[in-house]
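The structure appears right after this line, and notes come after that.
What you see below is based on every heavy atom in this structure, not just the backbone, and it leaves out hydrogens, waters and symmetry mates. Letters A, B, ... are given to chains in the order of the sequence lines, protein chains preceding strands, and every chain is numbered from 1.
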2 protein chains.
Amino acid sequence: MTYVSVLHAMGDGTRRELLELLRRQPHAVGELATALRVTQPAVSQHLRVLEHARLVAVRPEGRRRVYSLAPGGLQELRAYLESFWADVLNAFAADDPNPPAPPEAPATPARRRAPRRRRRSRGSR
Amino acid sequence: MTYVSVLHAMGDGTRRELLELLRRQPHAVGELATALRVTQPAVSQHLRVLEHARLVAVRPEGRRRVYSLAPGGLQELRAYLESFWADVLNAFAADDPNPPAPPEAPATPARRRAPRRRRRSRGSR
DNA sequence: CCGATACATAAGTCATGGCTTATATATTTC
DNA sequence: GAAATATATAAGCCATGACTTATGTATCGG
């Protein structure tokens with residue numbers, strides 16, 4: 001299950017920053033290290049995780065290593081979330097006559113209408 | 001940015017197991033604790049994280065607390081990944097004449113055509 | 001009310017992983 | 001081929017967080 005490694009890879013803040021930088025354009029390791037405020041080995045380690053998740057790919061260019069976004073991992077995660085989303089909709093359709101948006105139109109879904117019964121709930125925080 | 005908390009929440013394996021259980025049907029805390037092999041407090045702590053990410057919602061039912069999937073967090077993450085996906089496609093379209101599948105048709109994208117130049121790459125592992 | 005049940009919260013332990021410094025490996029330049 | 005540059009790998013430190021065992025707080029049954 002590759003989407004697991006993708007979720008793990010994207011779960012870290014520094015790696016998300018790397019992805020945001022690569023989102024603009026490909027970058028060599030040194031450029032990424034100076035952009036973020038971490039050392040070069042830290043960046044290399046993060047890039048290895050991202051590479052295993054197939055979120056980035058390398059292209060050796062001289063003695064530099066240029067990293068760029070790769071579609072594999074993201075595609076995998078997207079597919080998983082779509083199947084998950086279907087079940088969320090079903091769970092909602094079960095007791096909500098006014099379901100949220102359909103899968104192809106991402107938008108904030110409608111709120112749940114009302115609790116089934118009010119019963120003096122316990123302190124919610 | 002809520003999608004950050006969603007990525008963090010889904011980054012943990014135990015929490016993903018909880019989500020998979022809730023994907024079938026709503027469950028009380030005790031049921032989840034016996035299904036997984038962790039203690040009840042551990043489950044409660046994980047559920048709190050999932051709740052903050054708006055991936056689950058609670059419905060008090062007598063002295064039980066029934067958790068079920070909620071659409072908010074997943075919707076947020078899906079929206080973020082879609083915008084991200086657009087940039088991945090652009091990055092690919094820049095140097096690949098045969099781009100991967102469009103956003104509404106999740107499928108394995110075509111492979112990159114060829115490296116720019118072969119140059120006796122360094123040992124790749 | 002009182003015991004039992006179901007869950008949340010507190011506090012402490014321990015492992016995972018993110019960061020660092022040091023060093024090894026490639027590649028270009030002179 | 002030697003020095004310089006760019007990156008990967010190794011090893012160790014340390015913080016975050018996942019788990020545990022208490023214990024507190026509601027809710028139901030008698």
Do B:V58 and B:L69 belong together in a cluster built from hydrophobic side chains that touch within less than 4.5 Å? yes

Under 3.5 Å donor-acceptor pair, A:Q45 side-chain atoms to D:dT7 base atoms: no

Between the base of C:dT20 and the side chain of A:Q40, is there a donor and acceptor pair under 3.5 angstrom? no

Value in whole Å for how far the [atom2] atom of [N] lies from [atom1] of [X]:
X     : N      : atom1 : atom2 : result
A:E51 : D:dA8  : CD    : C1'   : 11 Å
A:H46 : C:dT16 : NE2   : C1'   : 14 Å
A:E61 : C:dA26 : CD    : C1'   : 15 Å
B:R65 : C:dA8  : CZ    : P     : 5 Å
A:R64 : C:dT27 : CZ    : C1'   : 13 Å
B:L50 : D:dG17 : CG    : P     : 15 Å

Do the non-hydrogen side-chain atoms of A:L32 and A:V29 ever get within less than 4.5 Å of each other? no

Just wondering, do A:L50 and A:Y67 contact through their side chains at under 4.5 Å, heavy atoms? no

Of all residues at least two apart in sequence or in a different chain, which pass the salt bridge (charged side-chain N to carboxylate O under 4.0 Å, His left out) check with [X]?
X     : answer
B:E20 : B:R23
B:R16 : none
B:E17 : none

Phosphate-side-chain proximity, B:Y67 and C:dA8, N/O vs OP1/OP2 below 4.0 Å: yes

Any A:T39 side-chain nitrogen or oxygen under 4.0 Å from OP1 or OP2 of C:dC19: no

To the nearest 0.5 Å, how far apart are CG in A:L77 and CH2 in B:W85? 11.0 Å

Separation between CG of B:L47 and CG of B:L55, rounded to the nearest 0.5 Å: 11.0 Å

Sequence neighbours excluded and cut-off under 3.5 Å, please list the side-chain donor-acceptor pairs for residues 3-12 of chain B, or say none.
unit_1 : atom_1 : unit_2 : atom_2 : d
B:S5   : OG     : B:T2   : O      : 2.7
B:D12  : OD2    : B:T14  : N      : 3.1
B:D12  : OD2    : B:R15  : N      : 3.1

From C-beta outward on B:R63, which listed nucleotide comes closest to its side chain: D:dG17, D:dT20, D:dT27? D:dT27

Compare the minimum distances between each of C:dT20, C:dT9, D:dT7 and the side chain of A:A42, then state the nucleotide with the smallest one. C:dT20

Once you build an axis from the first five pairs and another from the last five of the helix from C:dC1-D:dG30 to C:dC30-D:dG1, how far apart in angle are they, to 10 degrees? 30°

Looking at DNA chain D, which of residues 12-38 of chain B put a heavy atom within less than 4.0 Å of it? B:D12, B:T14, B:R15, B:V38

With nearest nucleotide decided by heavy atoms, which residue, A:P41 or A:H8, maps closer to the 5′ end of DNA chain C? A:H8

